[in-house]
Every structure is written in structure tokens, then in C-alpha cells.
Amino acid sequence: MNLLITGVTIADPSSQFNGQTCDVRVEQGKITALSAQLKPQKGEEVFEGKGAYLSPGFFDLNCSVGDPGFETREDIRTATAAAAAGGFTGIAVLPNTQPVMHSKSEVEYVLNRSKNNLVDVYPIGAISHNLEGKELAELYDMQQAGAVAFSDGLKPITDDGFMSRALQYSKGFDGLLMVYPENKSIAGKAQVNESKTSVLLGMKGLPALAEEMQISRDIFLAGYHDAPVHINTISTAGSVAIIKKAKKDGIRITCDVAAHQLVFTEELLNDFDSNYKVKPPLRGKADVKALLAGLKDGTIDAVSAQHRPHEIEFKDVEFEIAAYGIIALQTALPLLLKAGLDAGQIAAKLAIAPRRILNLPVPVLAVGEEANFTLFRTQDQWLYNAESNRSKSANSPLLNETLTGKVVLVYNHKQYQVYG
């Protein structure tokens, strides 16, 4: 069905209409007109977009889906439903499944399961066999099957030599390694940020040093091999400074930050609410300030939702044994607005940069382009509860909260979904 969206403000730095208020016509999946005051055509559905922003469809770099093996926490159907409701028209899914996504057969399974969906699903293959950090997985075969990058998810690559070999091998076919920054020997079993708060809580603190040393190692290896590395979900002021210098030195490094790390701080742990238990842990206010500054000056390339669904039995337990992570696809937009980002910055960091990191086509709001976009309002409020939650899991500290910033329509592959 053809669609006319009226009175929207374009939020797309790559579009000549960026910042302008326009009507947008979509016919057979393509943008055919983009200008002021288009007249409706016969048989065309009209959507009133006054006061809303139109951005290229959001894209998540760092999404956990339980399919295959952990479908009780999330499957591809529910993950993509939550993604669409959060404005995402594409997600890159981590290999932490059962079996692990470490060969082309698992990559092909995910691609086949997600066919004909409004939301594109891109597999990220494992770097190591079974995520054990010992033996290289079938990287080249997975890339040929459709993997867009390689990661061991929340498991850091602890062996320096193994990381060096992985970089050297992946460079031969332009593969991208996405790594979690944690030095395990320093982090140990600590679960919260090392600070006065950890002392007050009586829990062993995880020092920023553990993250920053691992990033420094990966920067040295990336420079040595002249190979690209992406650092997932940085969380400290020191990490921002290290990466900023590395970029000035010409190292091929990119990074992202989780949306909740731009808003939540460690003080929220005072009640031992396990829904605030994330990895990396919530840090201090100075870290949040540095992360926001790094995002705005370009040191931090992108924002990820860091969607981590869990069954209730893994979260409704004592803090020390609770699983890490929150469901986050539907709350990324409200959190970024709360952090102070404007519509243009959200489009740049949540839609454009993630695709560029993975070398994927970037949707552009222009005549003749394929329609792949998200329409959202920055002032609309909505209740995030069991009824509006599209995920199979419910591990979010924001459930039953009224949030500001609402996705009202997503369009991709000649399909669209409206959210009232």
C-alpha cells in the first residue's frame, strides 16, 4: 500500500532535506516524492506526522537473541517485534546461542528464520569455537554465509596471542572483530563499579582499569596488524580518552556505548535492584559526563541498546547471583532523549553510524531511495508495561514507568507498522 506522511521534520544528516519540514510519499517501497504540501493520491494512506521527526531506521549493533537454544527468554519473532516498536529496522545479533553461532550452519539458520521480516537481522559470528577463546571459529565461511562481523559477546578475548592471530586472519578478508573490553585477571568476580558506592554496598568493586587495560591492548594489536577493531559498550572516562588518542594516531578503531550508560549511574544500585545489574557495570557521574562528551565530539561512534533478555528466575534473585543485562530495544530512544541528544544526533548515532561500522548500506531520506525509516516524537509520553512490552522477557528497571519519546511508525521492505 502506498503511504503519504505529512508535516514531518527530516532528521538525516545525509539528506538535502535535513532539518526541513516535508511531506514524504512512499510507493512500492520507494520514496517517490519529498517536498512541502504534497496532495494525497487516490488509494493512498495518509499519516499525519506533524510534530514528529523522520530518521533513517534505527540499527542496533549489540543485540542478544535466544534463538536457537534459549527461546524461552527471546526468539527472533519477539526480538524483532520489540526492535520495531523501539524504532529499529535492523539488528545485529550476537553469537551467544545454543549451539553457539560459530559455523555457517548457525548463520544460515538465523538468516532463514528472519526472512521476510520488517526488521533486518544480521548475524555476528563467534570469534572462537564455543566462545572459549582458544580455537578460531570458521570466520571466513561465516562471512560468506552472511555474518557481518565477529564477536565472543560478553566474553572478552583474554589470550593476547589468540587476539593477535584473530586480527591477522580476519584482515585477509576484511572481517571486523567486535570485542568486549574487560581484563579478566583484574576484574575477577567483581560485579559493581569500584568506588565509594561499592564500599557502601559491601561488594567487591570492578575498577575502570580492567576496561581500559583491555582497550589499550586491543589498540596496540590493531595498530600492529593495521586491522580494524570495534570496542563494544565502553563505560569509563579513561576509555574515552584512550580511544580519542588512538583515533588521532590513526588506529583503525571504533566503539559504541550502551544507551543506559548515558543516563543510569551506580547510585541506582543502593537498593540492590538486579534489573540495574549490567555489564559493564553502571559507573559514576563523571564517567557519564565523559561518555556524553565523547559521543558528541565523535570519539564514540555509535549507541547500542545492549538488549539482554533473561527469564525471571535469572533476575528475581539475590543481586550477586543475578544475570547481567536488561531488555532495551524499546527504551533506547527515551533514554537518549533523557540524556540530552537531539533528533539529528540520535539519527547519526543510532541509525547511520552503526551501519557504517558494519559496512552496510545506509538508508537515505531522498527521492528514489528505498524506504527504510523511523518516525518518532520527542515529547510524546507512553507507559512501558506488560501490555506495551513486545519482548518475551521483562528484565527492565523501566517497566511500569511513563517514558518520554515515542516511536509512532517504522517502514522497511514495503512493510510498515504504526504504534498508537
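Side chains included, hydrogens not; waters and symmetry mates left out as well; all remaining heavy atoms used.
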* **Presence of salt bridge, Glu74 and Lys392, under 4.0 angstrom** =>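 No, Lys392 and Glu74 are not salt-bridged.
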* **Salt-bridge present (Asp120, Arg355; N to O < 4.0 Å)** =>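 Salt bridge absent between Asp120 and Arg355.
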* Apply the test side-chain contact (heavy atoms from CB on, under 4.5 Å) to residues Leu337 and Leu333: give CA-CA distance (whole Å), side-chain angles for both, the deciding distance (0.1 Å), then the verdict. => CA-CA 6 Å; Leu337 290 169; Leu333 174 63; 4.0 Å; yes
* Parallel, tilted or perpendicular: which fits the ring planes of Tyr122 and Phe59, with parallel below 30° and perpendicular above 60°? ->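 Tilted: the ring planes of Tyr122 and Phe59 meet at 30° to 60°.
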Report yes or no: do [X] and [Y] form a side-chain donor-acceptor pair below 3.5 Å?
{"X": "Asn372", "Y": "Thr89", "value": "yes"}
{"X": "Ser304", "Y": "Gln306", "value": "no"}
{"X": "Ser235", "Y": "Arg283", "value": "yes"}
{"X": "Ser393", "Y": "His310", "value": "no"}
{"X": "Ser103", "Y": "Glu106", "value": "yes"}

Can you check whether [Y]'s main-chain N or O pairs, donor with acceptor, with [X]'s side chain at less than 3.5 Å?
{"X": "Asp60", "Y": "Ala305", "value": "yes"}
{"X": "Asp23", "Y": "Leu38", "value": "yes"}
{"X": "Asn395", "Y": "Gly325", "value": "yes"}
{"X": "Asp75", "Y": "Glu71", "value": "no"}
{"X": "Lys247", "Y": "Thr299", "value": "yes"}
{"X": "Asp256", "Y": "Thr233", "value": "yes"}
{"X": "Glu211", "Y": "Ser239", "value": "no"}
{"X": "Ser64", "Y": "Arg308", "value": "no"}
{"X": "Ser274", "Y": "Lys315", "value": "yes"}
{"X": "Lys171", "Y": "His225", "value": "yes"}

Is the count of non-hydrogen atoms from other residues, nucleotides or ligands lying under 6.0 Å from [X] atom [atom1] greater than 12?
{"X": "Asn359", "atom1": "CG", "answer": "no"}
{"X": "Glu313", "atom1": "CD", "answer": "yes"}
{"X": "Asp271", "atom1": "CG", "answer": "no"}
{"X": "Lys104", "atom1": "NZ", "answer": "no"}
{"X": "Leu209", "atom1": "CG", "answer": "yes"}
{"X": "Lys244", "atom1": "NZ", "answer": "no"}
{"X": "Lys296", "atom1": "NZ", "answer": "yes"}
{"X": "Asp316", "atom1": "CG", "answer": "no"}

What is the minimum heavy-atom distance between [X] and [Y], and which atoms define it?
{"X": "Asp152", "Y": "Ser128", "value": "OD2-OG, 2.6 Å"}
{"X": "Tyr109", "Y": "Asp67", "value": "OH-OD1, 2.7 Å"}
{"X": "Thr404", "Y": "Thr378", "value": "CG2-O, 3.4 Å"}
{"X": "Val364", "Y": "Ile31", "value": "O-CD1, 4.2 Å"}
{"X": "Ala322", "Y": "Val317", "value": "CA-CG2, 3.6 Å"}
{"X": "Gly284", "Y": "Asn193", "value": "N-ND2, 4.0 Å"}

* Taking the six-membered ring for Trp, is the centroid-to-centroid distance between Tyr416 and Phe47 below 6.0 Å? ->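 No, the ring of Tyr416 stays outside the 6.0 Å limit from the ring of Phe47, centre to centre.
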* Asked: Within 45° of the ring axis of Phe319 and under 6.0 Å from its six-membered ring centre, is that where the NZ or CZ of Lys277 lies?
  ->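 Pair Lys277/Phe319 counts as cation-pi.
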* Asked: Going through the checks in order, is the side-chain contact (heavy atoms from CB on, under 4.5 Å) test met by Ser14 and Ile352?
  -> CA-CA 9 Å; Ser14 302; Ile352 297 171; 4.2 Å; yes
* Is there a side chain to side chain donor-acceptor pair (under 3.5 Å) between Gln381 and Thr402 once you walk through the steps? -> CA-CA 6 Å; Gln381 295 188 326; Thr402 298; over 6 Å; no
Quick one: pull up [atom1] in [X] and [atom2] in [Y] and give me the separation to the nearest 0.5 Å.
{"X": "Leu61", "Y": "Ile357", "atom1": "CG", "atom2": "CD1", "result": "5.0 Å"}
{"X": "Tyr224", "Y": "Gln168", "atom1": "OH", "atom2": "CD", "result": "8.0 Å"}
{"X": "Leu177", "Y": "Leu221", "atom1": "CG", "atom2": "CG", "result": "10.5 Å"}
{"X": "His307", "Y": "Thr331", "atom1": "NE2", "atom2": "OG1", "result": "9.5 Å"}
{"X": "Gln417", "Y": "Asn412", "atom1": "CD", "atom2": "CG", "result": "13.0 Å"}
{"X": "Leu291", "Y": "Leu262", "atom1": "CG", "atom2": "CG", "result": "6.0 Å"}

Would you say the side chain of [Y] lies within less than 4.5 Å of the side chain of [X], judging by non-hydrogen atoms?
{"X": "Pro56", "Y": "Leu365", "answer": "yes"}
{"X": "Glu182", "Y": "Leu206", "answer": "yes"}
{"X": "Val24", "Y": "Leu3", "answer": "no"}
{"X": "Leu201", "Y": "Phe272", "answer": "yes"}
{"X": "Phe373", "Y": "Asp12", "answer": "no"}
{"X": "Tyr419", "Y": "Arg390", "answer": "yes"}
{"X": "Asn2", "Y": "Gln28", "answer": "yes"}
{"X": "His260", "Y": "Leu282", "answer": "yes"}

* Asked: Please walk me through it: do Met203 and Leu269 pass side-chain contact (heavy atoms from CB on, under 4.5 Å)?
  -> CA-CA 11 Å; Met203 300 183 69; Leu269 300 176; over 6 Å; no
* **From Leu94, Asn232, Asn62, residue fulfilling side chain to side chain contact (heavy atoms under 4.5 Å, CB included) relative to Met178** =>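 Considering Leu94, Asn232, Asn62, a side chain to side chain contact (heavy atoms under 4.5 Å, CB included) with Met178 is found only for Asn232.
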* **Working for side-chain contact (heavy atoms from CB on, under 4.5 Å), residues Val410 and Phe58** => CA-CA 9 Å; Val410 287; Phe58 300 161; over 6 Å; no
